[in-house]
Amino acid sequence: MHRTASNRRHAEPDVNRFANVTLESLANEIYSLCKDQHGCRYLQKKLEERNPTYLTMIFTETYPHVVELMIDPFGNYLCQKLLEHATDDQRTILVETAAPQLVKIALNQHGTRALQKMIEYVSTPEQIRLIVNALKTNVVELIQDLNGNHVIQKCLNRLSTDDAQFIFDAVSENCVAVGTHRHGCCVLQRCIDHASDAQKQQLVNEITTHAFTLVQDPFGNYVTQYVLDLCDAKYSDPLIRRFSGNVCTLSMQKFSSNVIEKCIRIAEPGTRKILIDELLSSVFLEKLLRDSFANYVIQTALDYADTQTRQVLVDVIRPILPSIRNTPYGRRIQSKIIGPPVVAPATTAAAAAAAPAGTSPTSNGNGAQFQPYPRGNGNSNAGGHNILVRRMQGLDIQDGGVAVHAVNGTSNSAYAAPAGGQHSQQNSVHQTQPQGQAGQHNQRQQQTHHQQGHPQYFSHPFVHQPVRNAFANGDFSGYNYM
């Protein structure tokens, strides 16, 4: 706090020293002011006044030093403002002066911003020609650089497709070097976005030619997926067919397996069948099913294959299923083929013997059937309490009453049935909630828990009010006991 206040006091004289200073009084000092934090701000404000005299004064003293100022921490801001307000002739002079060093400027963390501003404000064919000639021999170097790649992207955004042809040519000639680079893969995707039809075809042809290399690369695989995401069969179909003969190999690799999945999803029906048939004919199908990447390809094939091909795939997988059933991947594949296993609720002999005549262990005593071990009604609100009921130890339904073992292991009656095993009419009816009110518990009047004779269980802090209401009302439709 003290240091900050002290710094502010020291900074105030620097700020105030330009308060009542005219630009004319600073003649021959403007260049040095450009490299000073407060002096640079003062000059920018003068440019914003749009006074031609001020513009000429600042331009005259700065343009010979434009390269140095463009890479200066403070001077680059003055250059950006000057490019914005300069006339076409002044801007052309600035571009001509900086052109021999544009690559150096583009690679600099401060210069890259000033150069992007220069490209943004180019206004004549001469200025464009100067910039293109300065950059065209170093396109790949700039693309692979943290700062330089933004300059190339600015050219794609600002220049016409004809003026930016030098970028498309360089990227096409160095497709693998660019596509497998951290920054290059992003620039290549932007090239596709800004390309004309002919340029797009030029790029896609090169990507298709080198697809097998790109698809296995951590960055190159995104380039191939980007072409697939164009959703145009004239681009995607030749690319997908390029993987024919290597589908199984690519399915077992981390990056390429994602691409093979996408190929199966978006391919034309005939091309999709070629890919899946290659999986079917593999002698390593069990290895594919066990592989941490290839199993997802098999699952996608099951989802997207036509009916006949899917049945053939199921018939081939079914004999292998017992050997992989206990693996995480095997369980997923089994659920796609035969569905998840269904566990029927068990009916104990003791519960059957204790049930009165005319009722069943799942009856509430009045003939109304409980739904044993309901899975919930599909309402997310009801599902919120499932974990509470699942954590209760030893829940069983006997003679319409619910015997619950307390958390400490002792058994207490959580719901005391009236004599004869019959519930009173107030508490016995197991109501089915309307679809529109799923998960809403019965709100009818009820006795207090102490009056029902089970204060010990319901006074436990673990039991929430909706759970208490459910036991009191005999309505468990919103709870999952499994």
Side-chain angles (χ1 to χ4, degrees), residues 139-140 143-144 167-193 195 198-285 287-301 303-305 309 313:
V139 172
V140 175
I143 286 175
Q144 295 179 337
I167 299 176
F168 296 103
D169 291 340
V171 169
S172 297
E173 293 171 7
N174 300 273
C175 181
V176 175
V178 172
T180 57
H181 190 271
R182 179 185 299 274
H183 306 306
C185 70
C186 298
V187 175
L188 183 46
Q189 293 174 55
R190 300 292 78 75
C191 287
I192 295 173
D193 290 338
Q199 290 166 338
K200 186 179 293 185
Q201 189 66 64
Q202 176 187 0
L203 293 172
V204 172
N205 286 345
E206 291 299 323
I207 292 170
T208 302
T209 300
H210 301 284
F212 189 72
T213 301
L214 292 171
V215 77
Q216 300 176 71
D217 185 79
F219 305 111
N221 79 90
Y222 292 109
V223 174
T224 57
Q225 291 190 58
Y226 202 76
V227 175
L228 296 175
D229 288 335
L230 294 175
C231 299
D232 190 333
K234 74 177 180 181
Y235 299 132
S236 61
D237 203 58
L239 177 62
I240 296 172
R241 288 178 180 271
R242 192 76 178 176
F243 304 133
S244 180
N246 297 285
V247 174
C248 295
T249 301
L250 296 176
S251 296
M252 292 188 288
Q253 297 184 26
K254 180 177 181 179
F255 306 112
S256 56
S257 63
N258 292 321
V259 180
I260 297 300
E261 281 190 72
K262 180 165 287 189
C263 289
I264 293 173
R265 286 195 293 268
I266 65 103
E268 296 294 300
T271 306
R272 181 186 295 122
K273 191 174 188 306
I274 292 174
L275 299 179
I276 297 177
D277 285 346
E278 190 169 331
L279 296 172
L280 282 170
S281 62
S282 173
V283 295
F284 304 108
L285 182 59
K287 184 178 180 181
L288 294 175
L289 291 168
R290 291 180 177 274
D291 186 80
S292 57
F293 304 118
N295 81 90
Y296 290 104
V297 176
I298 300 295
Q299 293 180 52
T300 303
D303 290 336
Y304 287 86
T309 305
L313 185 57

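Since the structure is predicted, the reported quantities are computational estimates derived from the model, not experimental observations.
The list of ring-ring contact (aromatic ring centres under 6.0 Å, His included) pairs with a residue in residues 240-277, not counting sequence neighbours, is empty.
For Lys287, the side-chain hydrogen bond (donor to acceptor under 3.5 Å, both in side chains) criterion is met by no residue, not counting sequence neighbours. With sequence neighbours excluded, the residues that form a side-chain hydrogen bond (donor to acceptor under 3.5 Å, both in side chains) with Ser172 are Gln202. His210 meets the ring-ring contact (aromatic ring centres under 6.0 Å, His included) test with no other residue; sequence neighbours excluded.
Scanning both residues, Asn295 and Asp291, for their nearest heavy atoms gives ND2-O, 2.8 Å. In terms of heavy-atom proximity, Leu214 sits nearest to Val176 at CD2-CA, 4.3 Å. Of all heavy-atom pairs between Thr224 and Ala211, the closest is CG2-O, 4.4 Å. Counting all heavy atoms, side chain and backbone alike, Val223 lies closest to Gly179 at CG2-O, 3.9 Å. Annotation for Arg272 and Ala267: closest pair NH2-O, 3.1 Å, computed over non-hydrogen atoms. The two atoms that bring Glu278 and Asn246 nearest to each other are OE2-N, 3.1 Å, heavy atoms only.
Contact annotation: the side chain of Phe168 approaches that of Cys191 to within less than 4.5 Å [non-hydrogen atoms, C-beta and beyond]. Considering only heavy atoms from C-beta on, His181 stays 4.5 Å or farther from Ile143 through its side chain. Proximity of Phe212 to Arg242: side-chain heavy atoms (C-beta onward) are nowhere separated by under 4.5 Å. At a threshold of 4.5 Å between non-hydrogen side-chain atoms, the residues Asn221 and Gln216 do not count as touching. Phe293 has its side chain out of reach of Asn258: every pair of non-hydrogen atoms, C-beta onward, lies at least 4.5 Å apart. A 4.5 Å side-chain heavy-atom check between Ser251 and Leu279 finds at least one atom pair inside the cut-off.
Gln144 contributes atom CD, which lies 8.5 Å from atom CG of Asn174 (distance to the nearest 0.5 angstrom). The structure places CD of Gln199 at 9.5 Å from CD1 of Ile167, a figure rounded to the nearest 0.5 Å. Rounded to the nearest 0.5 Å, atoms CG (Leu250) and CD1 (Ile260) are 4.5 Å apart. Rounded to the nearest 0.5 Å, atoms CD1 (Ile240) and CD1 (Ile274) are 10.0 Å apart. Note: Leu275 CG to Thr309 OG1 = 11.5 Å, rounded to the nearest 0.5 Å. To the nearest 0.5 Å, the span separating CG on Leu280 from CG on Leu285 amounts to 7.5 Å.
Applying the 6.0 Å contact sphere to CZ of Phe284 captures no more than 12 heavy atoms from other residues, nucleotides or ligands.
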List the atom pairs, donor and acceptor, that lie under 3.5 Å between side-chain atoms in residues 228-239 and the rest of the protein, sequence neighbours left out.
unit_1 : atom_1 : unit_2 : atom_2 : d
Asp229 : OD1    : Lys262 : NZ     : 3.1
Asp229 : OD2    : Lys262 : NZ     : 3.2
Asp232 : OD1    : Lys234 : N      : 3.1
Ser236 : OG     : Asp232 : O      : 3.2
Asp237 : OD1    : Thr271 : OG1    : 2.6
Asp237 : OD2    : Arg241 : NE     : 3.1

What pairs of donor and acceptor atoms, side-chain ones from residues 182-189 against any protein atom, are under 3.5 angstrom apart with sequence neighbours left out?
unit_1 : atom_1 : unit_2 : atom_2 : d
Gln189 : NE2    : Cys185 : O      : 3.2

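Judged purely by atom type and a 3.5 angstrom limit, Gln225 has no side-chain atom pairing as donor or acceptor with the backbone of Val259.
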